[in-house]
Amino acid sequence: MEAGAVSREPPPRIDASADVVVIGAGACGLAAALKAGDAGADVLVLERDGSASGSTSMSSGFVPAPATRFQWTAGIEDDTPDRFLADIMAKSHGSSHARLAALAARTIGPALEWLADRHGLEWIVLDDFLYPGHSRHRMHAVPEKTGAALLARMQAATERAGIPVVCDARAVRLFVDDLDRVRGVELLRPDGAAEIVGCGALVLACNGYGGSRELVARHIPEIAGGLYYGHAGNTGDALTWGEALGADVAHLSAYQGHGSLAHPHGILISWALMTKGAIQVNTEGRRFSDESGGYSEQAVCVVSQPGGVAWNVYDQRIHDFALAFPDYRDAVAAGAVIRAADLSELARATHLPEAVLQETFIELEASRSGRRKDAFGRDFSSLPPFEAPFCGVRVTGALFHTQGGLVIDDNARVVRPDGAPFPNLFAGGGAACGVSGPNVSGYLSGNGLLTALAFGFLAGEGALDRSLN
């Protein structure tokens, strides 16, 4: 049976049951499970893979949150949920779902502090660079500064809480009664065996539809030709279930892209390099955009270049800074980072035309010194000049995850087009409508984990309440 089916018939049997069932064991699903479990709910998490290793583990692991004690400890003041909300809305030019953006902005700080206080997650604040669109240093991470480490810490917390995560359990069908209350979930095992789990409430934390070529081509054709650097299991099951039930959906054209994926190595090169002054050139050796914008919209810019590739170009100063990021160290170890003593050697190693690359550097220095305005509007005046040796990384643009989905209320319950909530159906993360608006350019750094943790936190809290009714 293909996933996404909905049955109005009673479940033929119930093999197991729980107060709260969560589909998906990423950051959103585990946050929901932990929150519901804190209040004494019997919780069961269903994970389609042999082990949880989805979008969270593939991400940078950076979570934006305002007004946290972790910021205060780091000396970062004057950050509020309202300021964060203003940054979210500014990035999307006012097109974000305003209520959901406000909900996320005021929820994420308490969610991170709860994870620390109740479940021992350690948060640090990245204050050595400011991601585009953020007016304050508010990016939080676990000390390892990777998404894999964040997920590992959440998995450990789930184990300590005694919450079972059932792997190799692909949810394929929902059983819903005449009042639109979810009564059970059918799952398939790798050997084809089917099981039915009864539930008091259901949380959809199974991300979006980036892994479905059909849905991507339908809703976001501009990136259909790019690489997909997300989890293959993100095939739109939550969206399919929601649409079959008549749920409200919004911003299905929204997604997070990234314009700096080392190619063909498939390793993310942090956009923090751009904030320190790195540039991108195409295979002709020419810049083609303002690199100080967001990494999400840059995916489209890179994919549109000859061959769908570009080169990140920077110097030793930026290379040394980048070595603080585990992904970058992985890229160095994999041979993705080319190092050269001077510009001529870099041109030869990258097969970029030396004369054009020299011209690009001359124009860059003229813009930095104020002798001319940058052709793409980037301000280089506060950045030091490039100094040899130099580095280059061949990159492409990629789709990371979709940002549109099911509309939820302030308790993370899925709602109908008239705003009425379903009795016991919840969603968060990529399964829910995000806060980036309808376009790729609306994605503010960290918006994915923002809604995963904030809405997962709310879903777990709300799911317990509804499961007991």
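Count residues from 1 along the sequence.
Summarising the local packing, CG of Asp418 is surrounded by more than 12 heavy atoms from other residues, nucleotides or ligands at distances under 6.0 Å.
When atom types are taken as modelled, the side chain of His134 and the backbone of Ser445 share a donor-acceptor pair closer than 3.5 angstrom. Using modelled atom types, no side-chain atom of Arg48 and backbone atom of Cys167 make a donor-acceptor pair closer than 3.5 Å. Panel note: side chain Tyr443, backbone Glu297; no donor-acceptor pair is recorded below 3.5 Å.
Checking Thr68 against His140 by side-chain atom types alone, a donor-acceptor pair falls below 3.5 Å. Under the 3.5 Å distance criterion, with hydrogens and angles disregarded, a donor-acceptor pair is assigned to the side chains of Asp38 and His119. Looking only at atom types and distance, the side chain of Asn234 has a donor-acceptor partner in the side chain of Ser55 under 3.5 Å away. A donor atom on one side chain and an acceptor atom on the other are found under 3.5 Å apart for Ser289 and Gln298. Side-chain polar atoms of Gln256 and Ser296 form no donor-acceptor pair below 3.5 angstrom. Side-chain N/O atoms of Asn312 and Ser260 include a donor and acceptor closer than 3.5 Å. Between Asp290 and Ser292, the side chains place a donor N or O and an acceptor N or O closer than 3.5 Å (distance only, hydrogens not considered).
Ion pairing of Asp327 with Arg329 is absent here, as no side-chain N (NZ or NE/NH1/NH2) approaches a carboxylate O to less than 4.0 Å. One finds no salt bridge joining Asp409 and Arg99 here, because no Lys/Arg side-chain nitrogen approaches an Asp/Glu carboxylate oxygen to under 4.0 Å. Salt bridge status for Arg183 with Asp177: present, with a side-chain N to carboxylate O gap under 4.0 Å. A salt bridge is defined here as a Lys NZ or Arg NE, NH1 or NH2 lying under 4.0 Å from an Asp or Glu carboxylate O, and Asp87 with Arg136 fails to meet this definition. Residues Arg173 and Glu9 are not paired through a salt bridge, judged by the lack of any N-O separation under 4.0 Å between the basic side chain and the carboxylate. We find that Glu47 and Arg170 are not joined by a salt bridge, their nearest charged nitrogen and carboxylate oxygen being 4.0 Å or further apart. Residues Asp410 and Arg106 are paired through a salt bridge, judged by an N-O separation under 4.0 Å between the basic side chain and the carboxylate.
Relative to the six-membered ring of Tyr314, Lys276 misses at least one condition, a distance below 6.0 Å or an angle of at most 45° to the axis.
Here CG of Leu450 is found 10.0 Å from CZ of Arg138. Values are rounded to the nearest 0.5 Å. Taking CH2 from Trp241 and CG from Leu245, the interatomic distance works out to 10.5 Å, rounded to the nearest 0.5 Å. Distance OG/Ser96 to NZ/Lys91: 10.0 Å, rounded to 0.5 Å. To the nearest 0.5 Å, atoms CG (Leu126) and OG (Ser270) are separated by 9.0 Å. Rounded to the nearest 0.5 angstrom, Asn439 CG and Ser253 OG are separated by 6.0 Å. Remark: Phe70 CZ to Trp123 CH2 distance equals 8.0 Å, nearest 0.5 Å.
Within the 4.5 Å cutoff, side-chain heavy atoms of Ile223 are placed close to those of Val303. Between Leu406 and Leu204 the shortest side-chain heavy-atom distance falls below 4.5 Å. Contact of the Arg83 side chain with the Asp78 side chain is registered, since non-hydrogen atoms from C-beta on lie closer than 4.5 Å. Between Thr451 and Asn447, every side-chain heavy-atom pair lies at or beyond the 4.5 Å cut-off. Contact of the Ile408 side chain with the Val415 side chain is not registered, since no non-hydrogen atoms from C-beta on lie closer than 4.5 Å. Looking at Trp114 and Leu34, their side chains come closer than 4.5 Å, going by heavy atoms from C-beta outward. In this structure the side chain of Val182 never reaches within 4.5 angstrom of the side chain of Phe175, judged on heavy atoms. In this structure the side chain of Leu174 never reaches within 4.5 angstrom of the side chain of Ser7, judged on heavy atoms.
Between Tyr209 and His219, the distance separating the two ring centers is shorter than 6.0 angstrom. Ring centroid separation for the pair Trp271 and Tyr131 does not come in under the 6.0 Å cut-off. Ring centers of Phe129 and Phe325: under 6.0 Å apart, within the cut-off. Aromatic pair Phe426/Phe422: ring centres not closer than 6.0 Å.
Each of Leu215, Leu252, Thr402 was compared with Ile220 under the side chain to side chain contact (heavy atoms under 4.5 Å, CB included) criterion, and only Thr402 meets it. Residue His231 is tested with Asn207, Thr56, Asp49 for a side-chain hydrogen bond (donor to acceptor under 3.5 Å, both in side chains); the sole match is Asp49.
Remark: Arg189 engages Val166, Asp168, Ala169, Leu187, Asp191, Ala193, Glu195 in a side chain to side chain contact (heavy atoms under 4.5 Å, CB included) (not counting sequence neighbours). Residues satisfying the side chain to side chain contact (heavy atoms under 4.5 Å, CB included) criterion with Ala67, sequence neighbours excluded, are Pro81.
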